[in-house]
Amino acid sequence: MKYLDEYRDAELVHKGLDEIRRTVTRPWSLMEICGGQTHSIMRHGLDELLPEGLELIHGPGCPVCVTPLELIDKAIAIASRPEVIFTSFGDMLRVPGSAEDLFRTRAEGGDVRVVYSPLDAVKIAQQNPDRQVVFFGIGFETTAPANAMSVWQAQQLGVKNYSMLVSHVRVPPAMGAILSSPYNQVQAFLAAGHVCAVMGYWEYPPIAAEFKVPIVVTGFEPVDLVEGILKAVKQLEAKRFEVENAYGRAVTWAGNQPAQELIKKVFVECDRKWRGIGTIPLSGWRLRDEFAEFDAEKRFAVENINTQESPLCISGLVLQGRQKPHECPAFGKDCTPEHPLGATMVSSEGACAAYYRYKRQAA
Amino acid sequence: MCLGVPGKIIDIYEANGLHMGKVDFGGVTKEICLAYVPEAQIGQYTIVHVGFALNILDEAEALETLQLLREIGAFAEELGADAAQVQTLSS
Amino acid sequence: QRDRIVLGHGSGGKLMHDLIARTFLPAFDNPLLRAGDDAAVFRLSACSRLAFSTDSHVVYPLFFPGGDIGRLAVCGTVNDVAMLGAQPLYLTAGFILEEGLELAVLQRVLASMREAASEAGVQIVAGDTKVVQRGKADGLYITTSGLGAVLTGVEVGGAQAKPGDVVILSGPIGDHGIAVLGARGELGFDAAVQSDVAPLNHLIMALFDASEQIHVLRDPTRGGVATTLNEIAKQSGVGITLSEQSIPVRPAVRAACEMLGFDP
């Protein structure tokens with residue numbers, strides 16, 4: 001497939017790795033933000049090909065993983081209502097709430113459907129005028145334009161029986177939170193390529209300057225990841241801390257203007273709770289008041305649900321790079337992909353799931 | 001989850017109140033919303049995420065990334081050869 | 001451990017294996033069942049061993065590029081029996097029909113079953129039919145069972161793999177899964193992909209003519225190649241190394257898997 005196969009060329013990857021070995025003179029810890037990058041690193045075994053001491057910490061960049069427990073409980077409460085058709089991306093069905101998951105709700109008779117795009121949810125609403133169709137609007141900046149468009153389209157077409165349960169998160173505030181933590185070990189970031197395809201990378205220079213860390217916009221294929229790591233270590237060795245774009249084919253400085261405009265029209269920044277980390281100021285989006293009629297939390301009065309997280313799960317520490325998945329006592333025992341405790345084990349991009357699938361022998 | 005897959009735009013049209021199009025992912029075609037890439041032309045490549053085109057892929061930039069690594073390899077090989085020579089001389 | 005059946009229990013993966021190990025095996029426990037192969041092999045008399053298998057089919061939609069529920073039902077059981085080194089002979093077929101199913105659809109499925117049976121050289125010798133109320137089934141479900149005579153001197157099964165054995169694939173992987181998913185239309189993509197569902201017993205018999213060094217045969221279904229090889233590795237207590245590049249995947253199947261985030 002064009003624009004994929006060329007960036008999986010093993011020879012180029014090894015050339016990049018050799019250059020990284022020649023460049024690195026001391027240990028460094030880098031964090032790749034996005035779960036998709038984590039998955040690709042583990043699937044191609046890139047972390048095992050890096051020189052000794054050059055460590056990749058898996059970041060909180062998997063929207064399924066960071067969705068707070070109470071949002072899952074709210075989703076389950078809404079999906080259990082007889083008049084509701086609850087639609088969601090597939091990954092969200094297995095995420096454990098405090099008692100059950102959406103798969104269980106479906107098994108008990110809830111109408112829970114997997115959709116590929118939020119526009120499909122709007123179509124389902126048009127086809128079922130007598131039902132309430134709700135879409136689980138989670139994701140980072142990458143998914144925000146799609147979710148915003150579904151609300152915008154529903155308003156334009158007067159689809160009154162469509163609403164969205166919103167749990168959107170943003171990368172820059174999360175970066176800030178990680179870097180300001182006293183335990184922070186991250187010395188450079190690989191920024192999430194597709195987040196930047198939407199937002200551009202103009203939001204990152206203030207972070208690089210304030211915390212003196214290089215930030216390299218990076219893609220997802222092995223060649224892209226090696227390119228991103230190489231640029232990051234070159235900066236670290238030269239004591240520079242700038243924002244660089246290693247994913248030029250897909251990302252520009254300004255990003256996608258029409259997408260950013262519609263996001264601003266439909267959403268407004270808000271504080272957001274991240275599962276395992278806690279509340280990060282202005283780290284999320286919620287629907288603006290003009291779109292309150294499309295807010296499922298209001299429409300189904302579930303705002304009062306707030307739940308405590310499982311004490312056994314250390315997904316917060318894993319997400320901040322302070323511990324590796326296999327250092328968790330529950331890893332591979334009472335926490336497996338079939339019976340996940342924390343969300344980092346649920347999504348295939350979560351650090352724990354990636355470890356379980358590709359590295360369990362090492363645990 | 002923020003899975004973005006590159007595909008080739010093979011048709012552009014309006015549907016359900018939106019600027020839409022057909023994208024081919026190497027043998028699989030799908031209807032995709034092009035509202036965020038109004039300038040898109042048939043034949044161009046785009047990265048698609050949850051049914052939406054996020055951008056238009058820049059062919060020149062794409063080749064540059066590959067070229068950068070190829071050149072590094074070539075330069076290093078020369079360097080590598082000299083370094084190896086030095087190694088043998090000094091040991 | 002979940003206390004209700006969920007869709008994942010039918011996916012051929014870990015959830016299904018746990019269900020079988022914790023619920024079905026204790027209920028029916030016997031050595032033939034515990035072997036865990038595609039068919040059970042047992043001796044009927046001094047010189048003849050039989051292979052016996054059963055499969056139920058709930059594929060939706062009923063018709064998809066390259067096949068349909070009828071062809072799938074016959075080929076699935078014929079292949080399961082052949083996988084134990086047996087020449088398939090007789091099949092039975094049980095039908096669950098939904099009230100309201102068009103007779104023309106049933107006749108089309110039966111014609112397809114007749115064609116697949118003659119291709120495989122087997123006969124459907126017994127059957128049963130039940131009808132359920134409208135809405136209780138996806139139109140039509142079929143359960144088939146098959147009986148075959150194991151070739152003399154042949155010992156194949158999931159536990160027979162030995163170090164030094166080589167894994168041979170009979171064709172590109174993922175075709176059937178993507179063809180059905182595409183035809184279901186839920187994910188709104190159309191892929192130029194055909195299901196490769198076919199009877200393999202003649203191919204298997206030719207294999208035995210060509211070599212005595214055949215230890216394991218398996219027809220991967222829901223779980224796919226990865227799950228199947230995992231099962232064999234566990235049954236035989238061996239490790240299996242695969243080179244990803246040498247596993248054939250058609251471009252359209254790879255494209256669909258990239259888009260949906262599946263590993264083919």
Side-chain angles (χ1 to χ4, degrees), chain A residues 1-5 7-10 35-36 39-40 42-45 62 64 87 89-91 93-94 96 99-110 112-117 119-121 123-124 220-222 332 334 336-340 346-349 353-354 356-358 360-361, chain C residues 1-23 60 135-136 178 181-182 184-192 223-224 226-227 230 233-234 239-247 249-264:
Chain A
M1 287 171 67
K2 188 162 168 40
Y3 288 118
L4 274 188
D5 301 337
Y7 298 91
R8 291 179 179 168
D9 176 329
H39 188 71
S40 183
M42 304 302 288
R43 181 174 171 201
H44 298 286
C62 139
V64 172
T87 58
F89 295 126
D91 262 355
L93 266 59
R94 285 188 308 126
E100 50 181 273
D101 54 32
L102 284 164
F103 261 131
R104 171 74 191 276
T105 310
R106 177 178 164 135
E108 285 173 348
V112 177
R113 302 183 193 181
V114 172
V115 290
Y116 168 73
S117 161
L119 295 185
D120 301 339
K123 274 197 196 110
I124 293 172
F220 295 80
E221 298 310 320
D334 35 11
T336 63
E338 287 72 38
H339 307 293
V346 172
S347 162
S348 54
E349 292 163 11
Y356 188 87
R357 191 188 294 195
Y358 296 110
R360 212 150 44 77
Q361 320 82 344
Chain C
Q1 174 52 322
R2 287 185 183 268
D3 54 4
R4 272 181 194 274
I5 291 298
V6 290
L7 277 175
H9 282 120
S11 65
K14 190 95 176 34
L15 261 180
M16 187 167 102
H17 285 102
D18 287 349
L19 182 68
I20 292 169
R22 294 204 182 111
T23 316
Y60 177 81
K136 293 283 189 287
I178 294 300
L181 256 181
R184 196 170 295 164
E186 267 158 24
L187 298 172
F189 70 84
D190 23 15
T227 308
N230 263 308
K234 219 174 269 158
I240 303 176
T241 328
L242 298 174
S243 122
E244 195 172 342
Q245 273 81 9
S246 51
I247 298 177
V249 183
R250 290 183 207 281
V253 170
R254 188 180 295 286
C257 290
E258 284 288 339
M259 239 180 51
L260 302 166
F262 292 159
D263 183 347

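To find a chain, count down the sequence lines: A is the first, B the second, and so on, and within it residues start at 1.
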Looking at Glu258(C) and Arg8(A), does any basic side-chain N land under 4.0 Å from a carboxylate oxygen?
->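 Yes, Glu258(C) and Arg8(A) are salt-bridged.
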
State the [atom1]-[atom2] distance between [X] and [Y], to the nearest 0.5 angstrom.
| X | Y | atom1 | atom2 | answer |
| --- | --- | --- | --- | --- |
| Arg254(C) | Asp5(A) | CZ | CG | 7.5 Å |
| Glu244(C) | His44(A) | CD | NE2 | 7.5 Å |
| Asp263(C) | Arg43(A) | CG | CZ | 5.0 Å |

Shortest non-hydrogen contact between [X] and [Y], atoms and distance:
| X | Y | value |
| --- | --- | --- |
| Leu7(C) | Phe103(A) | CB-CE2, 4.4 Å |
| Val6(C) | Ala107(A) | CG1-CB, 4.0 Å |
| Ala255(C) | Met1(A) | CA-SD, 3.6 Å |

Does any heavy atom of chain C fall under 4.5 Å from the side chain of Leu4(A), the backbone, both, or neither of them?
->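 Answer is side chain: those atoms of Leu4(A) sit under 4.5 Å from chain C.
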
Does NZ belonging to Lys234(C) count more than 12 external heavy atoms closer than 6.0 Å?
->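 Check fails, neighbour count at 12 or below.
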
Heavy atoms, side chains only, cut-off 4.5 Å: are Arg104(A) and Asp3(C) in contact?
->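 Yes; the side chains approach each other to less than 4.5 Å.
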
